[in-house]
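Some notes on the structure that comes next.
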Amino acid sequence: MQKIFHFETNLIHAGQAPDSATGAVITPIYQTSTYAQEAVGVTKGFDYSRSDNPTRQALEHCLAALESPDQNHPAYGLAFSSGLAATDTLLRLIKPGEHVLASNDVYGGTFRLFDKVLKDYGIQFSFVDITDPNLVAAALRPETRLVWIETPTNPLLKIADIAEISKRVKAHSPQILVAVDNTFASPYLQQPLGLGADFVVHSTTKYLGGHSDVVGGAIIIKDKAHYEKLKFLQNAIGAVPGPQDSWLTLRGIKTLALRMERHSANAAEVAKYLVNHPAVERVIYPGLESHPGHLVAKKHMKLFGGMLSVILKGGAPAAKKLVEATKLFTLAESLGGVESLIEVPALMTHASVAGSALEVPAGLVRLSVGIENIEDLIQDLDQALATL
Ligand code: P1T
């Protein structure tokens, strides 16, 4: 019988037994596109690296263990070349004429894929405030096939009650699938499959990889039949990560628990500091009791994460000035790395939602709080805010 380990142990060991050929403790980078066959069709389990690769497989098994709601009934993992590649592959389960109901605050690239690409293939999309399960239930249509939840959302940090939404959606029709983009929380903080979701999607580029050195994505799947369909699509479409990228992601994952503890502690301190700053109009952080999703976040998340957004009294000009004045917080897109980043979503990560119902406030600044010394981070924000 396979031994059941805790989450922190799975981060380091799941899918990564010492290499059977050499004893290498760390999973090797199997930098090969193809595999010798002893006779036609007689392989050691691998025939071509788009279909499968041992380094990628280790990552997929590790991701599955991290998102498994119950280790006696493990989930299934698939790795992709980016978060958007994972989302695109998952959306191939949806046929022309069918409807996808999505969160009205999502990563700008997700919106762009839905609205500017997949809509042209006959898939219908509508967007709803996922903080209210009643609104979600009311927006379901006879042709709805997928509910797409991002929580916490990017960049407004809205919180969805995954358990309540999944229950309501499945009561409406067990045929409707529920997918959760768990990128902002990471599996250390929140495990949607145990709350009723069918799929978890990650941009592993973010907290899972954790070091801003690799782009990747993943789908983790509760049900075997869905896994088999998606495994077929993964190979048929081919948006897979290479062995180097898979290895870097595995390497990053090992410290996820430690990093998320520090990200969350630092973000809570930054939130506390910003709330009291005279230049700040509003701080959006699920760990603050004033956040409308605080209680749901407390129920579903172990900690409140490293992402926060802030609206400045000086509006858009102040936002631009602030992000250009920080010295330790680097002005850059992306998030979830060990280093702190700062950006203006309306001008950068979410430029593609401009003019749509998902438009984000022009004066919103998003912070990805890293794991540096908290005093240095606050001092940097203090000197930057003083320039406004
Ligand atoms: O960048 P990529 O690995 O393709 O992941 C896309 C993606 C999916 N889901 C969420 C919640 C995301 O935040 C992202 C990527 N986001 C950024 C690059 C960003 O700066 O917000």
Side-chain angles (χ1 to χ4, degrees), residues 59 63 67 78-91 100 102-118 127 130 148-160 162 179-187 189-190 192 197 199-220 237 239-242 245-246 248-249 252-253 263 284 286 301 305-309 323 329-337 339-353 358 360 364-370:
L59 172 62
L63 290 166
E67 289 284 5
L78 291 171
F80 294 87
S81 54
S82 69
L84 283 180
T87 302
D88 182 51
T89 303
L90 180 64
L91 267 285
V100 176
S103 159
N104 71 352
D105 184 46
V106 288
Y107 166 54
T110 303
F111 176 74
R112 183 177 54 202
L113 174 65
F114 290 173
D115 188 62
K116 303 271 189 322
V117 181
L118 296 172
F127 299 89
I130 41 91
W148 179 271
I149 302 171
E150 199 178 278
T151 183
T153 63
N154 181 359
L156 294 175
L157 298 153
K158 291 185 182 185
I159 300 292
I162 301 169
V180 176
D181 183 332
N182 201 26
T183 298
F184 267 36
S186 89
L189 300 187
Q190 171 173 275
F199 308 106
V200 168
V201 173
H202 279 287
S203 169
T204 59
T205 317
K206 312 298 187 287
Y207 287 107
L208 283 159
H211 297 75
S212 304
D213 52 11
V214 58
V215 171
I219 310 175
I220 300 96
I237 297 165
V240 292
D245 286 358
S246 300
L248 271 173
T249 306
I253 284 173
H263 280 297
I284 309 172
M301 295 171 70
M307 297 302 297
L308 66 86
S309 289
V323 301
F329 278 82
T330 302
L331 173 58
E333 303 201 0
S334 203
L335 58 111
E339 67 292 305
S340 293
L341 303 179
I342 192 163
E343 65 126 5
V344 182
L347 302 176
M348 298 169 66
T349 53
H350 290 69
S352 58
V353 305
L358 277 67
V360 295
L364 187 87
V365 173
R366 190 188 76 181
L367 288 81
S368 173
V369 181

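Indexing begins at 1, ligand by ligand and atom by atom, following the structure's order. FYI, side chains are in, hydrogens and waters are out, and symmetry mates aren't considered; it's all heavy atoms of this structure.
Of all heavy-atom pairs spanning G336 and S368, the tightest one is N-OG, 3.0 Å. The nearest pair of heavy atoms linking S334 to R366 is O-NH2, 3.1 Å. Heavy-atom minimum distance, A185 versus M301: CB-CE, 4.2 Å.
Some N or O of G83 is nearer than 3.5 Å to an N or O of ligand 1, by distance alone. Geometrically, ligand 1 and R366 share a nitrogen or oxygen pair separated by less than 3.5 Å. Where the criterion is an N or O separation shorter than 3.5 Å, residue side chain and backbone included, D181 meets it with respect to ligand 1. Polar contact with ligand 1: absent for H350 (N/O pair, distance under 3.5 Å). Considering backbone and side-chain atoms together, T205 places an N or O closer than 3.5 Å to an N or O of ligand 1. Below 3.5 Å of separation, one finds an N or O of N154 facing an N or O of ligand 1. Considering backbone and side-chain atoms alike, L84 places an N or O below 3.5 Å from some N or O of ligand 1.
Close approach of ligand 1 to L335 is summarised as follows: ligand atoms under 4.0 Å from at least one heavy atom of the residue are 13 (O), 19 (C), 21 (O).
The protein atom (non-hydrogen) at minimum distance from atom 20 (O) of ligand 1 is S334 N, 2.7 Å. When only non-hydrogen protein atoms are considered, atom 17 (C) of ligand 1 lies nearest to Y107 CE1, 3.3 Å.
Every residue two or more places apart in sequence or in another chain that forms a side-chain contact (heavy atoms from CB on, under 4.5 Å) with A86 is listed here: F80, V201, I219. Judged as a side chain to side chain donor-acceptor pair (under 3.5 Å), and not counting sequence neighbours, the contacts of T183 are D181.
Which of E150, K206, E333 comes nearest to atom 18 (C) of ligand 1 through a heavy atom is settled by distance: it is K206.
Checked against the 6.0 Å centroid criterion, the rings of Y207 and F184 do not qualify as a close aromatic pair.
Looking only at side-chain heavy atoms (C-beta outward), L341 and E339 come within less than 4.5 Å of each other. Put simply, the side chain of L335 reaches to within 4.5 Å of the side chain of N154, judged on heavy atoms. For the pair V106 and W148, the minimum side-chain heavy-atom distance is below 4.5 Å.
Taking a 4.0 Å cut-off on heavy atoms, G217 fails to register as neighbouring ligand 1. For G216, the closest heavy-atom approach to ligand 1 falls below 4.0 Å.
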